[in-house]
Amino acid sequence: MTIEDELKIITRNVVDVLPNKEELKKLLQERRPLKIKYGVDPTAPDIHLGHTVVLWKLRDFQNLGHIVQFILGDFTAMIGDPSGRNEARKTLPEDVIRDNAKTYLDQVFKILNKEKTEVNPNSKWFKQMGLDGFLGLASHYTVARVLERSEFKDRFVNKQEITLLEFIYPLLQGYDSVMLKNDIEIGGTDQTFNLLVGRDLQKDYGQKEQIVLTMPLLVGTDGTRKMSKTYGNYIGITDAAEQMFGKAMSITDNLIFTYFRLLTPVPETRIAGMELKVRSGEMNPRDAKAMLASELVVLYHGKEKALAASEEFDRIFKNKELPSEMPSSVYANSDKVWIVDALVDNKLAKNKTEANRLIQQGAVELDGSVISVPDYDISLEKEHILKVGKRRFLKIRGGKNTV
RNA sequence: GGGGAGAUGCCCGAGAGGUUAAAGGGAAUGGGCUGUAAACCCAUUAGCCGUAGGCUUUCGAAGGUUCGAAUCCUUCUCUCCCCA
């Protein structure tokens, strides 16, 4: 493979190469396995598709024979990355972080090649650094430089608070690079500043500076904000197959191909072809989206489940039939149940008021017919199917019957 | 250390003694139209009462004034701003 080909693969989907592409090219010309650093703080037990954007890029590197240096920010997780919000981060206890780290890695290796990945917990060096060591590190950087960061600049000008921790955090992340002597570091565009600090620090420590690649932030299923657990607009990679499929189907149309490119290993030519067809009206965007949804489910649950999820989806939403499986609820010692109770008991409504509301709005169906008055008992002589909204189903029956 | 401003429902934000379960917007949920898309239209968004009118709790916290308090008074907690 030529350098140009390699460069093309590496820079696909990348927002920025810093300081520039030329430097990256030079690096590739050395024709040796490069060390690519990527760091994550295990502050939550699960990752979502937003995280996989960077992982796929790392995978590209691995496929080209390079090595991923995965920084497990177990130390920095205890402190909390202040990037973005200025709400106080809660500090996490060590055992929680350890558990998170484990599930994190399991999930990460659904994309990364384990053989070409080394995992480095940054507690390894930070735990024993000591105040003297830290002050030494702090002397390598200046307030002015941190203030250059646009986010800080704005806040500084607007006299909003900036905590010292926020000031320090980039230094810690940069120090990871000093310890690893990596060739390249990769992260989301929101990490640009932190990544550049890594460069500066490496230089100050007399090392070769890392090249920085930034990846786009994935827009969440709401189509506006970045994908994040706190916004509830995420697709978790541990989401159940049906759920994942459904969430993918609910994204807005102009996100379809962005998702294809950033989240799947589908070759660019195929994606571009599809995009063209959709734009010319030859292909219904819905079908492209269904393919996207399948691709995603295949990745995390396998072909079989993807097929099943797709069929299930069509069954419920296209053909308006019942799902093949649904949760069931058994009422043991009674021959009837008030519909409002049934909704609340089975968490189809938060409380009775909400249950009433749903009923009055015509969101509740029993065996296919809308129940619009709350004054209704479900007889438990036989099995019934309760439907709330478009997608919540429940089988309901008395206790004596066998399954 | 001195001076000032503020805390309202999921979020933002109006309200300045009664007609206020609290305007408006955002968001979410449900319905309609569709392709579980967007856009658009409608409705809902404290809880309880077997549904019909009620009742109970809510405006940072605790007390108080009043027939009546989100609105007035006292104390407390927290946030922000300005000066040094």
Side-chain angles (χ1 to χ4, degrees), chain A residues 85-88 155-163 219-235 239-260 274-275 277-279 281-294 296-297 309-323 326 334-345 347-366 369-379 386-393:
Chain A
R85 332 242 127 248
N86 52 2
E87 299 157 30
R155 279 161 61 186
F156 196 70
V157 170
N158 296 326
K159 316 214 155 137
Q160 287 174 304
E161 90 172 6
I162 302 171
T163 64
V219 175
T221 52
D222 60 355
T224 46
R225 292 175 296 184
K226 77 166 186 183
M227 186 175 282
S228 154
K229 213 164 188 176
T230 43
Y231 298 147
N233 62 354
Y234 69 100
I235 303 180
D239 281 355
E242 288 79 23
Q243 203 184 0
M244 191 182 269
F245 195 96
K247 282 188 188 177
M249 286 308 280
S250 77
I251 64 168
T252 171
D253 282 2
N254 35 29
L255 237 41
I256 297 174
F257 298 103
T258 307
Y259 270 39
F260 256 117
M274 241 188 296
E275 195 172 17
K277 277 194 199 162
V278 166
R279 210 173 296 160
E282 198 182 324
M283 185 181 196
N284 187 333
R286 200 213 93 102
D287 297 331
K289 209 186 285 181
M291 286 171 84
L292 170 70
S294 295
L296 290 172
V297 179
S310 161
E311 282 170 1
E312 187 77 359
F313 184 86
D314 283 350
R315 186 176 306 136
I316 300 171
F317 296 108
K318 217 172 173 174
N319 308 331
K320 312 257 189 266
E321 288 167 21
L322 294 173
M326 51 191 124
S334 48
D335 54 354
K336 60 179 186 175
V337 60
W338 184 25
I339 191 159
V340 171
D341 283 334
L343 290 172
V344 175
D345 291 347
K347 306 234 159 61
L348 293 170
K350 223 178 28 241
N351 50 48
K352 293 188 180 181
T353 304
E354 189 182 82
N356 279 319
R357 202 182 297 141
L358 286 167
I359 292 168
Q360 257 140 20
Q361 293 186 136
V364 178
E365 274 179 31
L366 187 71
S369 43
V370 176
I371 304 294
S372 51
V373 180
D375 188 9
Y376 186 93
D377 284 332
I378 302 171
S379 114
L386 194 58
K387 181 184 179 192
V388 177
K390 283 181 182 139
R391 51 182 165 265
R392 279 132 74 206
F393 296 86

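Numbered from 1 within each chain, the chains take letters A, B, ... in sequence-line order.
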message = Measuring only the C1' atom in each nucleotide, how far is B/C59 from B/A7? A whole number of Å is fine.
response = 10 Å
request  = Using atom CZ of A/Arg279 as one end and atom C1' of B/A37 as the other, report the distance to the nearest whole Å.
outcome  = 17 Å
key: Between P of B/A38 and OH of A/Tyr259, the distance in whole Å   = 13 Å
ask   = Hey, does the side-chain of A/Gln360 have a donor or acceptor N/O within less than 3.5 Å of a partner on the base of B/U51?
value = yes
Output a table of donor-acceptor pairs, distance under 3.5 Å, between side-chain atoms of residues 247-255 of chain A and any protein atom two or more places apart or on a different chain; print 'none' if there are none.
{"unit_1": "A/Lys247", "atom_1": "NZ", "unit_2": "A/Tyr234", "atom_2": "O", "d": "3.0"}
{"unit_1": "A/Lys247", "atom_1": "NZ", "unit_2": "A/Asp239", "atom_2": "OD2", "d": "2.9"}
{"unit_1": "A/Ser250", "atom_1": "OG", "unit_2": "A/Lys247", "atom_2": "O", "d": "2.9"}
{"unit_1": "A/Thr252", "atom_1": "OG1", "unit_2": "A/Asn254", "atom_2": "OD1", "d": "3.2"}
{"unit_1": "A/Asp253", "atom_1": "OD1", "unit_2": "A/Lys289", "atom_2": "NZ", "d": "3.1"}

key: Parallel, tilted or perpendicular: ring planes of A/Phe313 versus A/Phe317, cut at 30 and 60 degrees   = tilted
message = Both A/Lys350 and A/Asp375 contact RNA chain B. Taking the nearest nucleotide for each, which residue is further toward the 5' end?
response = A/Lys350
Spacing between A/Lys318 atom NZ and B/U34 atom P, to the nearest angstrom = 16 Å
Per A/Arg286 side chain, nearest of listed nucleotides B/G47, B/U51, B/G35 = B/G35
query = How close or far is atom C1' of B/U34 from atom CE of A/Met249, stated in whole angstroms?
reply = 12 Å
inquiry  = Using the side-chain heavy atoms of A/Lys352, tell me which of these nucleotides is nearest: B/G50, B/C49, B/A38.
reply    = B/C49
inquiry  = Can you tell me the base-pairing partner of B/G63? Count Watson-Crick or G-U wobble geometry only, both distances below 3.5 Å, and say none if there is no partner.
reply    = B/C73
key: Same-atom distance (C1') from B/G13 to B/C82, integer angstrom   = 25 Å
query = Is the ring of A/Phe317 stacked on the base of B/G35, with centres less than 5.5 Å apart and planes under 30° off?
reply = no
Touch class at under 4.0 angstrom, heavy-atom based, for A/Asp253 against every strand present = base
inquiry  = Which residues pass the salt bridge (Lys or Arg N to Asp or Glu O under 4.0 Å) test with A/Lys336, not counting sequence neighbours?
reply    = A/Asp377
inquiry  = Testing A/Val364, A/Asn356, A/Val337 one by one against A/Leu343 for a side-chain contact (heavy atoms from CB on, under 4.5 Å), which residue passes?
reply    = A/Val364
ask   = What nucleotide among B/G50, B/C49, B/G47 has an atom nearest to a side-chain atom of A/Asp377?
value = B/G50
message = From CD1 of A/Ile256 over to C1' of B/G35, roughly how many Å is that when rounded to an integer?
response = 10 Å
query = What is the distance from CG of A/Asn356 to C1' of B/U45, rounded to the nearest Å?
reply = 14 Å
inquiry  = Check this for me: does the side-chain of A/Asp341 come within 3.5 Å of the base of B/G50 through a donor and an acceptor?
reply    = no
Protein-nucleic acid N or O pairs under 3.5 Å, nucleotides 28-31 of chain B:
none

key: Whole-angstrom distance between B/U58 and B/A21, as gauged at atom C1'   = 8 Å
request  = Give the rounded distance in Å between these two atoms: CD1 of A/Ile339 and C1' of B/G50.
outcome  = 12 Å
ask   = How is A/Lys289 classified with respect to the nucleic acid when contacts are heavy atoms under 4.0 Å: base, sugar-phosphate, or nothing?
value = base
